[in-house]
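One structure is given below, encoded as structure tokens.
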Amino acid sequence: MSTSTERVAVVSSALSQLKPAWDTVQHIDLISETVNQALLASGFDIHDVDVVIDCGSDVLDGRSISNCGFLGQMGAHHKEESRVEEDGLFGAMYAVNKILGGGAKVALVIAYSKPSESIVENYYRTIADPFYQRPVGLNKAVAAGLLANQYLTGTDATEEELAEIAARAWTRAAANSKVSDARAYTAREILDSPVVASPLNQLSLSRPVDGAVAIVLTSETIARKLGSTPVWVTGMGSAMESQFLSEREPGRLEACEVAAGMAKRFAGGKEATSYGFAEVSATSAADEAMVVEALGLAARGKAASAYDGDVDINPSGGAIPADPIMATGLVRMHEAANRLSGRVEGSSATSALVHASGGIGMQTHSVFSLEV
Amino acid sequence: MKSVAIIGVGQTHHARRRTDVTQIGLAREAALRALEDANLTIDDIDSIVVCTGPVLFAAVNQPEKWLVDALGARMKPVVRVTSGGGTGLAGALAAVNQIRGGFAERVLVVAYDKLSEGALQYSISTLYDPFWGREFAVGIMGFSAAAWRGRMGRLGHTEEAAAMVSVKNHKNAFLNEYAHVRRDVSVEDVLNSRPLCWPIKLLDVPPISDGACAVVLSSGDIGEKSENPAWIRGMSYYSEADNAANRSTIQSEPLEIAARHVYAEAGITNPRRQVDVVEVQEPYTCFELSYYESLGLCEPGGAAALMASGATQIDGDIPVNASGGCMGANPIGATGLIRLAEVAQQVRGKAGEHQIDGAKVGLMQAGGGWANLRGVAVVSSQKG
Amino acid sequence: MTRITTGIDQAPALETSLEMPYTLTTGKAVSVFIEQLGHGVIVGSHCDNCDRTVVPAQDYCARCGGDQGATVAVEPTGVVTAITRTADGAVGLIRLDGVDADLLHVIDESAGEVAVGDRVEATFAPEPVGTILTLAGFAPSTSAVSTTAPKEIDEVADEDLAKQIIYSLSLPYRHAYGPNYGRLFDELGSRGGILGSRCPHCQNVLVPPRAYCEICYVKTEQFVEVKDTGRLQAFSVIHMEFIGQTRKPPYVYAEIVLDGASTRLIHNVAGIDMARATEVLDIGTPVRAVWKAESERNGTLDDIDYFEPIPE
């Protein structure tokens, strides 16, 4: 980033299969296998890693301070380690700062979850404040439903457009070998799937899946010595909204706009529309539309048009077909780095925006810009 | 690496149970005090790091997402770092990295726990693997007691030596306006107190507390302009696989590694002589003895003698926990940050009644888990 | 602990549940809000700094972080600004008349569908329930937009306020066994064998078996059986009782290094006079597993009833 003489690069990453239920392995099995693959791809030994930042959720894991029991299988033994209890992309922010500040040269960022082991709604429900929003029944679906209703009410966007966004996401995920049990749907099929929280239905709300992702970041000096193509972090930003849906501006994601603005400043003002593609997170099709708008890829209410634009949105399929809570945003970074470094056939993009979110109704956001 | 300063510090008056304020209101009290001390408002803050214990402590998952509204921090970067008992220090380290990395100039770290709201030992027991050992867990007290029993014979960390830690810290807490346990206890009282997880007895154990602490950290430029900064001269937080092969229960390797890094960064070769004041997160008395050795205040096996010598008393040559440490108050998520805040106040000359005259260099330790997450920091009145 | 298999498509899993009791402190604004709902009054807050009235009452202004109190009574009528329907009913955002922010609450559609822009009014539970749900929700209304400004309320006497709410969390889990624990507990349950995994690099044996050596971080690959005898590495005599405890004190919390293992097993030591535990046991005391009767075993760590000292 612009504040430092050194830059930071993503030098390798690995992603487990994203499955509705990885019921044949434990968290630590998923994590260690993914970390090992990321290390193999980087050429590093675990002993080359200076710091491990991990992102997971005690509520999903069924275990307090769950990082504490996973340290050995995460490769963190006798290393600096921190748990950022947020999406893995926030962990990547930590690692970038650590390297830019001179505190580490090689960082390993891990994010994972196995929502299949718990009742996923408990994860969301317990985020809501216990006095006003939780008793009323606020959860992921209700928040997403209200945000979608506000979006449709406050703009010219239509339910059909949202269904198109979801259909496109599923179609692309069906072509993504890392996403299990995904098939292509038409907008009609999306609209005909059972309503979960109107105007959203089963196929337009993100599907929780189990998975793990690991990313290796290094300083510029080290990245240049490696054989692979370094993917440079050129900007990053973050912002958190009010928890109370009632305090938010309807129909838009203001915190995402602020986070994108911060990332853009670090990246020297490069316009969103000049990136090759974007990998964004969302808990619903309406959320994805609002993220696309907040990033500056479309005007308010016009997200649908952006999908035909120059910036490819979610070539991986995005988060709607595969939402490994706590890892979803870091998966986006993995997907982006994979494409930028030429590991995906047919991809010639040289820059990308990456987005993560957390909380109920996408309360917090992180945005990265990457370039090769 | 870039210099980082502590320019504001705030704590709540800790209590066994605060029924007048919510979890987030408690955290906010400390935040406002730290901002006032730094002569700033929330608008001046670039980024916020929140630290608390695990969700089961107080039934709120990712509580920073509730706290943001009490801080007026909407539209700022807010992130939570969790690391069990040492989370306050882990959060401060995250803030230091944000400043060194150029992400922020002024970071507010807010650490808190309102332990009166939940079932503490039950919550902590869920640290254990559900397949493997959870049913035997007594929070981490059983583990800690067992490890102490292991050190007793090998290192001479006797029940009497640990009792002296309790007496010292309880006594020092009388001088700390934020402590809520101020109790005159004797070595005999400690030894005769009810065994909880033998050899740990009631008076070896800190209170359960509601409390918060906040610290404002800044870049060097801002620190220079600040009236009375404390400078971070080194900070590290290391981990250890809890069941690694041949893991030592005798000495804490992650703490030794962290101390080695921090001392190298701070130019400390003889902590006993170069450090003026020490704050450690006991939380059980036996740990304080162990830390003396891992931090290099004495040789391995020398902790009991160091304790008996009086050197770590408030009027000794290396005072440890002049604030009373965890014995005065132990709001777990905040405790690590309180230790950092205490040494910062010492080198700023603002520690109040437990001020060590002329303190210039402070050393603090914090940690969590099965004694497998361990951090250290050195702060100084000098930028270095 | 129960090991269960539900259906042929699912791998076996360990079912656990965390049942946590809480006493949550509500703070002034919430307690006044809930108390006043009992009188059919909806209380909001006014931030002088932002000049905004919000409902429900909050101690702090979400916009500026400043102090505000539960100070104003607002009208029970308003308009729906957003709505979503789920299998559990409808939830909406309601902008009460004279208020500057929405309120999240249940929309009562029993008398017909409600749409954005519709007028609604508050309905109350027959009896106060001690939470925001004393306000049951909002139902369609023919009320005109009220022009009555929010009125300041009298200070509610402290003794009338419930400052805490009894609360609980129930969090059930189905933990996967995975290849390592699966094999470990199969062998444990079927024939009382205890498995570890050996690191090909440092040769240490990890019990329970892990996929990777936690120090070398190489794949362990090979299961090895360790003995059901070992030595006490550390122990504590547990006397304290606490909520959620699964066994009755006194008992011995023990860290045992089994013969052939390089790591520790957490279990309990019994078969001794508990009153003399601290004299009978020592660091290094050899111990052996006492297994439950085969009919009582279920393939968990519980199959070992306890460890007992081996007479020298």
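All chains are named by letter (A, B, ...) in the order of the sequence lines, taking the proteins before the strands, and each is independently numbered beginning at 1.
Counting heavy-atom pairs closer than 4.5 Å to chain C, the top-ranked of the candidates A:Leu30, A:Val35, A:Leu200 is A:Val35. Looking only at heavy-atom pairs under 4.5 Å with chain A, the residue among C:Gly137, C:Pro56, C:Ala101, C:Ser17 that has the most is C:Pro56. Considering only heavy-atom pairs separated by less than 4.5 Å from chain A, the leading option among C:Thr81, C:Ile215, C:Val106 is C:Ile215. Per-residue heavy-atom pair counts under 4.5 Å with chain C were compared for A:Asp29, A:Val136, A:Leu39, and the maximum is reached by A:Val136.
Side-chain contact check for A:Pro130 versus C:Tyr22: every heavy-atom pair is 4.5 Å or farther apart. The closest side-chain heavy-atom distance from A:Arg125 to C:Leu169 is below 4.5 Å. No side-chain heavy atom of C:His105 sits less than 4.5 Å from a side-chain heavy atom of A:Gln133. By the 4.5 Å heavy-atom criterion applied to side chains, C:Val116 and A:Gln150 are not counted as neighbours. The closest side-chain heavy-atom distance from A:Gln73 to C:Glu214 is below 4.5 Å. Counting heavy atoms from C-beta on, the side chains of A:Ser246 and C:Leu103 never come closer than 4.5 Å. Residues C:Gln58 and A:Tyr132 form a side-chain contact, since some pair of their non-hydrogen atoms from C-beta on lies under 4.5 Å apart. No side-chain heavy atom of C:Leu104 sits less than 4.5 Å from a side-chain heavy atom of A:Phe244.
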Worked check of side-chain contact (heavy atoms from CB on, under 4.5 Å) between A:Gln26 and C:Tyr177: CA-CA 6 Å; A:Gln26 296 197 307; C:Tyr177 275 81; 5.5 Å; no
Residues C:Arg210, A:Ile28; criterion side-chain contact (heavy atoms from CB on, under 4.5 Å); working and verdict: CA-CA 9 Å; C:Arg210 299 282 189 219; A:Ile28 50 175; 3.2 Å; yes
Chi angles and distances behind the side-chain contact (heavy atoms from CB on, under 4.5 Å) call for A:Leu245, C:Asp102: CA-CA 8 Å; A:Leu245 298 185; C:Asp102 294 336; over 6 Å; no
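Proximity to chain A (any heavy atom under 4.5 Å) is shown, for C:Arg95, by neither the backbone nor the side chain. Using a 4.5 Å cut-off between heavy atoms, C:Ser31 does not touch chain A at all.
In this structure, CG in C:Leu18 is found 11.5 Å from CZ in A:Arg63, a value given to the nearest 0.5 Å.
Taking the six-membered ring wherever Trp is involved, the centroid distance between the rings of A:Phe131 and C:Phe33 does not fall below 6.0 Å.
Donor-acceptor pairing under 3.5 Å is recorded for the side chains of C:Tyr212 and A:Glu33.
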Can you give the donor-acceptor pairs under 3.5 Å from side chains of residues 140-149 of chain A to other protein atoms, not counting sequence neighbours?
unit_1	atom_1	unit_2	atom_2	d
A:Lys140	NZ	A:Ser206	O	2.9
A:Lys140	NZ	A:Ser206	OG	2.8
A:Asn149	OD1	C:Ile83	N	3.0

